[in-house]
Amino acid sequence: MSNAEIAAALEELAVLYQLDGADRYRVLAYTNSARTIRDQGVSVEEMAIRGEVTALPGVGKTLEEKILALIETGEIPAAAKLKEKLPPGLIEINRIPGLGPKTVRRLHDELGVTGPDDLRAAAEAGRVRELKGLGAKSEQSILEGLDRLAEEPSGPSRMLLDEVLPLAEDLVAALREHPSCERAEIAGSARRMSDTCKDIDLIATSESPQVLAVHIAAYEAVASAGKASANGVRLETHLGVGVDVRIVAPDAFGNLLQHFTGSAAHNTLLREVAVSEGLHVSEHGITDDETGQSETFRTEEQVYERLGYRYIEPELRENRGELEAARAGELPELVERSQVRGDLHCHTTLSDGQNSLKEMAAAAEQLGYEYLAITDHSASHGFGDGVPADDLLRRVEEIRQFNEESEGIRLVAGSEVNIDRDGTLDYDDEVLAELDWVIASIHTGFSKSESAMTARMIAAIEHPAVDCIGHATGRLLTRRDPYPLNIEAALEAAARSNTAFEINGSPKRRDLSDIHARMAKQAGVKIVLNTDAHRAGSFDYMRYAVATARRAWLGPADILNTGPWWK
DNA sequence: GCCGTTTTCGGCCCGACTGTTTTCAGTCG
């Protein structure tokens, strides 16, 4: 059972408890533990079987028992019991914005609602407004929520970072161009460079906040806007992305930026620790219990300093030990994009790329790179894009020729070689011996068992010709789950045989993930930051590879292509 | 339900907005 499945079961139980009217801290305990479990790079199932799951923060005896029952029987007895009492349709209508557990429970108890269909009937018959505290507006918004639920049964999907970042940057520029805007920045998950975003958070400072809110609400990308107030405004863009704009006075910019950059888990722990030290933190300032005085700060550095921390880079703010490290002065030096000296994974028209060898080389040189590996797909790639061994060897010659004639960038002759179902590679060893750089990747047979996939991966890792493993888990963000793989065993093999792993910077992949890349560092495996560019413009994906590396606490010393070409 | 240099009980982060009421509960981020 995967960590995601265990986490989903605990989240479901949290919702059921909430609908049942349980103490909110009990509910919080389940949602927090679900997040912790989802964040683990290693199998929580195996931890639980070994009796080690209570070592995770927020997981105690009771949760251990429930997790073990889930693993053994496929369900948690407490959840099964609650489901008998509470119709499953209630969980569904709880997802309607504005309908929380308390209201859902009353709709059930007082109107006999069991799911979306009865709720629609009740709302259309005007019976919802008969409930105390609900009126015509609530009834209308419930009907609208039901329509959206019917359109998107699984809820609004998260968007890839590269889908929201350009929009966020446009909106920040639009804020900055207004004369009343003093400062504006991207906050939220986009600033933390998360894999995906639910919406965009922007913050700004202004002496006339309401004027600025009205200005941004009229921007061309905005489809509709809520009420523009002195605190900001909520926008919906034509791309369907929600945007929260928050505005404060200039002297509290640091507090606001810190607050809205998050993550929720980072801020919660930050505030809890502060309370234990007599300080209360909010977006408006830091209040001292003793004096009752509130302080505001213009920069985030000052906010963290006041609370006793070194400055924490946004990419680290996920409650993964960064606060403790910042107290102890043990935060890592993080890699920066300017330190990357070459890209070691790209495709040309020889396989499925859109630009020629020379075009790719020119684009990489333009970026200031010292070297670029050309790694077209191998013989059995399929889609008519495979490269037979003879074509590859001619390409190697072409690259040698290029390097002799070129004063600038050095091209590295490589290939992205398929790992077949049995763990063998699809070029002969003599062909591979002609190459300077071999990436091995899995592109087929994703549905095998974990042990089979792991054995296959380790066979490739141990192949003497292989330098690096490409997009190791095969995940496609928001579209395809990673195939089953024992990443710990793979990393251990890689450390032994001195094989690198890439962080694939394609915003669809970000693979290794931040969590796995951090495990790789701890296992002593070297990382390569790559783009897997299929056209020259995609070399910019390096920003996402760098972002994942930073989220994994990696510094330049952990990454091979921050140095000169070494082979 | 978890947790502990206030440790086995009694706490557990903070504020804005909405819709409904005239002071607030529920929801959300």
Side-chain angles (χ1 to χ4, degrees), chain A residues 10 13-36 53-67 76 78 93-107 128-142 145 156 187-189 197-203 209 213 226-234 242-248 252 255-256 258-287 289 294 307 319 323:
Chain A
L10 294 174
L13 182 54
V15 175
L16 287 165
Y17 272 138
Q18 220 175 2
L19 290 170
D20 198 39
D23 174 68
R24 69 193 182 98
Y25 292 107
R26 181 145 67 116
V27 174
L28 201 60
Y30 282 95
T31 43
N32 283 344
S33 66
R35 179 189 179 274
T36 303
V53 77
T54 53
L56 295 173
V59 179
K61 271 275 157 225
T62 308
L63 270 154
E64 176 179 48
E65 211 174 279
K66 288 184 160 68
I67 292 166
I76 303 173
I93 61 176
N94 189 44
R95 296 217 325 270
I96 294 173
L99 273 195
K102 295 247 166 61
T103 314
V104 170
R105 188 59 198 262
R106 288 185 55 216
L107 289 166
V128 168
R129 71 180 72 182
E130 291 166 8
L131 264 59
K132 188 166 161 55
L134 297 178
K137 273 195 177 170
S138 304
E139 206 167 69
Q140 188 54 36
S141 92
I142 284 172
S189 53
C197 301
K198 189 163 66 71
D199 57 13
I200 295 173
D201 288 299
L202 303 178
I203 68 152
K227 206 176 93 201
S229 79
N231 288 316
V233 63
R234 168 83 188 178
V243 183
D244 266 322
V245 183
R246 298 297 303 262
I247 309 173
V248 290
N255 302 86
L256 188 71
Q258 195 287 320
H259 180 86
F260 278 97
T261 297
S263 63
H266 172 89
N267 281 356
T268 301
L269 183 62
L270 180 91
R271 293 194 287 259
E272 278 173 3
V273 173
V275 166
S276 73
E277 293 165 354
L279 298 171
H280 297 271
V281 182
S282 82
E283 63 265 50
H284 304 296
I286 299 174
T287 310
D289 271 346
S294 197
L307 297 170
N319 189 21
L323 285 164

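Order of the sequence lines fixes the chain letters, A, B, ..., with proteins taken first and strands second; residue numbering starts at 1 for each chain. Since the model is a prediction, treat every value here as computed from it, not as a measurement.
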Have a look at [X] and say if it touches a base, only the backbone sugar-phosphate, or nothing, with a 4.0 Å heavy-atom cut-off.
X	value
A/Y30	sugar-phosphate
A/N267	nothing
A/S141	nothing
A/K61	sugar-phosphate
A/L134	sugar-phosphate
A/L28	nothing

Nearest-Å distance once atom [atom1] is located in both [N] and [M]:
N	M	atom1	value
B/dT23	B/dC28	P	25 Å
B/dT6	B/dC12	C1'	14 Å
B/dG26	B/dT21	C1'	14 Å
B/dG10	B/dG15	C1'	25 Å

A/Y25 side chain: which of B/dC12, B/dC14, B/dC2 is closest?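 Of the options given, the side chain of A/Y25 lies nearest B/dC12.
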
Measuring from the side chain of A/T62 (C-beta onward, heavy atoms only), which nucleotide among B/dG15, B/dG1, B/dG26 has the closest atom?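 Nearest to the side chain of A/T62 among the choices is B/dG1.
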
Handout entry: Rounded distance (Å) that lies between atom C1' of B/dC13 and atom CG of A/L279
Key =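 The distance from CG of A/L279 to C1' of B/dC13 comes to 13 Å, rounded to the nearest Å.
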
Lys/Arg cation over aromatic A/F260: A/R246, 6.0 Å, 45° cone |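 That pair does not qualify as a cation-pi contact.
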
inquiry  = Checking base pairs now: Watson-Crick or wobble, both atom distances under 3.5 Å. What partners B/dT8?
reply    =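 Pairing partner: none.
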
